Amino acid sequence: MLKKIKLKEAVGSKLAHDVTEIRPGEFKGPAFRKGHTVCEEDLCRLQRLGKNHLYVIDVEEDEIHENEAVAILAKSLAGEGVVWKDEPKEGKIKLLADRDGLLRVNTTALAAFNMVDEVMCATLHNHTLVKEGESVAATRAIPLVMKRAPIERAAAIASQNGSVVSVKSLRHARVGLVITGNEVYHGLIEDGFAPILSEKLDALGSHVMVVGFAPDDVDAIARVIRSHLEKGCDLLLLSGGMSVDPDDVTRHGIMQAGATEIHYGAAVLPGAMFLVAYLGEVPLLGVPACGLYHRVTVLDIVLPRILVGEHISKTELAFLGHGGLCKDCAECSYPHCPFGKGM
Amino acid sequence: MQDFETLLKGSADAHGHLCPGQVVGVRMAMLGCRLIGLDDPKRHDQIKKLIVYVEMDRCTSDAISYVTGVRLGRRSLKFMDYGIMAATFVNLETGKAYRILSTEEARDLVPVYAPEINEKSVQQLRAYLKMPDSVLFRVQRVRVPMSEFDMPGPTHRKVSCSRCGQVVRDHRELQLDGMTLCKPCAHGAYFKNAQEVTWPDMNWSPQQGADLKALTRESKRQRTEGKESK
């Protein structure tokens, strides 16, 4: 329970919470820390900060102080790859990535958690690539003192499927590229895909082990796929032949090679004709021609998720629709833009 | 207690259809029984330990009654007309009682838990199957003062209304201006203009058609089987 006392009578008592000072454009932070014993000299400054009353805390048995509460919340929210320090500032604790990787947010549990009145947690978008030490989420308990039960219920909600935020390391894939198309195979034009795809893979810590070329021929494409797998590739990227023209047979080549699962079409622009297939455990990603022209496509959204071991199927590709439209800005600021952040 | 799926199926059959209320009711009843320490409330040795107060006359109440075996006629089911999606489970032996409230947040979170489904009641069903208890319910430990006149068992008291003469059981009569009255006489009733009438075939009775001995035998057999299965 909180008791409100007049500022004049507060000398000698301990502050129940941090007192925040904001100097516009200059400073925002605690002017006085929780637990500070108020003395005569403080009164003027407290008045300047608009405080004429202060809270004195009287915590009942079934109650909890915000600092203790927020630590319970942080513990329940933080999963694999996420760390936090039990040093709440103004009642808030930041959750940090303890590794480079892909942020995973259980958005369902997050929504349910935030429906509890006394608590909040804000995160970066699900599936954001983060660096070690980066803030991925922050949480706080709203009241200074509250009942313990809702905090424990919120903590249970947060841990319903392990946790709310986690950071997964990207595996270092041994990638095989399959560049299809008669025009490239017969040397009529130079391939533009291999360098672009290699650069994207390098940036994510994977490397291209082998590059194979195939004409627009089902058997030939299947042969290159199988040969890559025999060489030990654990991720295949295929370019060309992904659209609906009669010469576009890459899909059939993938089926011929023995794909166990195949999903053609993603709710993303650019990248509608993207393909995800699996041959046993090995994912095969079919990159449509837009990958040659656009700096960022569906591949940039899906590739990191594949590299953390997520199984991408029809549902995942369909759910990309919300936020799946690239604005095609003159100056691209991806990943700091809404593209691919809907789910 | 049977597993969730079996209970849900039985409850839906008994209620008439599978609806989101059945899912919530079955889960509420399972949680309530667990909290007060009854693992098989329909079993003969547990059935008399349980009283449930339901605060709504909705699908959920049927599911609670189905899972726990509480019945209005056994006085183990109490209906409190609050219009609140809540029920209190009381263990008469230990005095332990928990009031479980279905959260409003759970309703708002339905599209979040089942975004892949469009049709509203199917989406509710799916979401209520997925949500953990912590999202679906809030629980309060409560004390439920009960008078001896609320307990199951034989009628302890009968008095007659001093205005209409109706016999009133279990201390449900009221004292008003020194008179003992039934509730309709004291406060008015849910019905109006009561006129006593006659009706066609007034002298019908089942007496001739019913084989009382066979009925008694059958009822006894069912009771014995219930005891043996414990």
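Residue numbering restarts at 1 for every chain, and letters A, B, ... go by the order of the sequence lines. Everything numeric in this text was worked out from a predicted model, so none of it was measured. Scope of the values below: all heavy atoms of this structure, side chains included, with no hydrogens, waters or symmetry mates.
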Partners passing side chain to side chain donor-acceptor pair (under 3.5 Å) against B:Gln175 (at least two apart in sequence or in another chain): B:Thr180
Table up the donor-acceptor pairs between chain B and chain A that sit under 3.5 Å, atom names plus distance.
{"unit_1": "B:Glu105", "atom_1": "OE2", "unit_2": "A:Arg153", "atom_2": "NH2", "d": "2.9"}
{"unit_1": "B:Tyr113", "atom_1": "OH", "unit_2": "A:Gln160", "atom_2": "OE1", "d": "2.8"}
{"unit_1": "B:Tyr113", "atom_1": "OH", "unit_2": "A:Gln160", "atom_2": "NE2", "d": "3.0"}
{"unit_1": "B:Ser134", "atom_1": "O", "unit_2": "A:Arg153", "atom_2": "NH1", "d": "2.5"}

Please report the closest heavy-atom contact between A:Ile157 and A:Ala112, naming both atoms and the distance. CG2-CB, 3.5 Å
Residues B:Arg172 and B:Asp170 bridged, charged N to O under 4.0 Å: no
Shortest non-hydrogen contact between A:Ile301 and A:Gly340, atoms and distance: CD1-CA, 3.5 Å
Report, in residue-number order, which members of residues 7-26 of chain B are under 4.5 Å from chain A by heavy-atom distance. none
Side chain to side chain donor-acceptor pair (under 3.5 Å) test vs B:Glu173 passes for just one of B:Lys158, B:Arg157, B:Lys183, namely B:Arg157
Compare every heavy atom of A:Ile72 with every heavy atom of A:Ala155, then report the nearest pair and how far apart it is. CB-CG2, 3.9 Å
Indicate the atoms forming the closest heavy-atom contact of B:Ala106 with B:Leu136, along with that distance. CB-CD1, 3.8 Å
So among A:Val70, A:Val145, A:Ile151, which one has a side-chain contact (heavy atoms from CB on, under 4.5 Å) with A:Ile64? A:Ile151
Among residues 59-83 of chain B, residues within the sub-4.5 Å heavy-atom range of chain A, in order of number, are none
Looking at every non-hydrogen atom in both residues, tell me the closest pair between B:Val112 and A:Ala111 and how far apart they are. CG1-CB, 3.9 Å
May I ask you to decide if B:Val159's main-chain N or O and B:Arg169's side chain share a donor-acceptor pair within less than 3.5 Å? no
Side chain, backbone, both or neither: which part of A:Phe319 has a non-hydrogen atom closer than 4.5 Å to chain B? side chain
Test applied, side chain to side chain donor-acceptor pair (under 3.5 Å); reference residue, B:Gln46; option that passes from B:Asn91, B:Asp39, B:Asp40: B:Asp39
Quick check: closest heavy atoms across A:Val119 and A:Ile142, and the distance to 0.1 Å? N-CG1, 4.0 Å
Between the SG atom in A:Cys121 and the CG atom in A:Leu95, the distance rounded to the nearest 0.5 Å is 6.5 Å
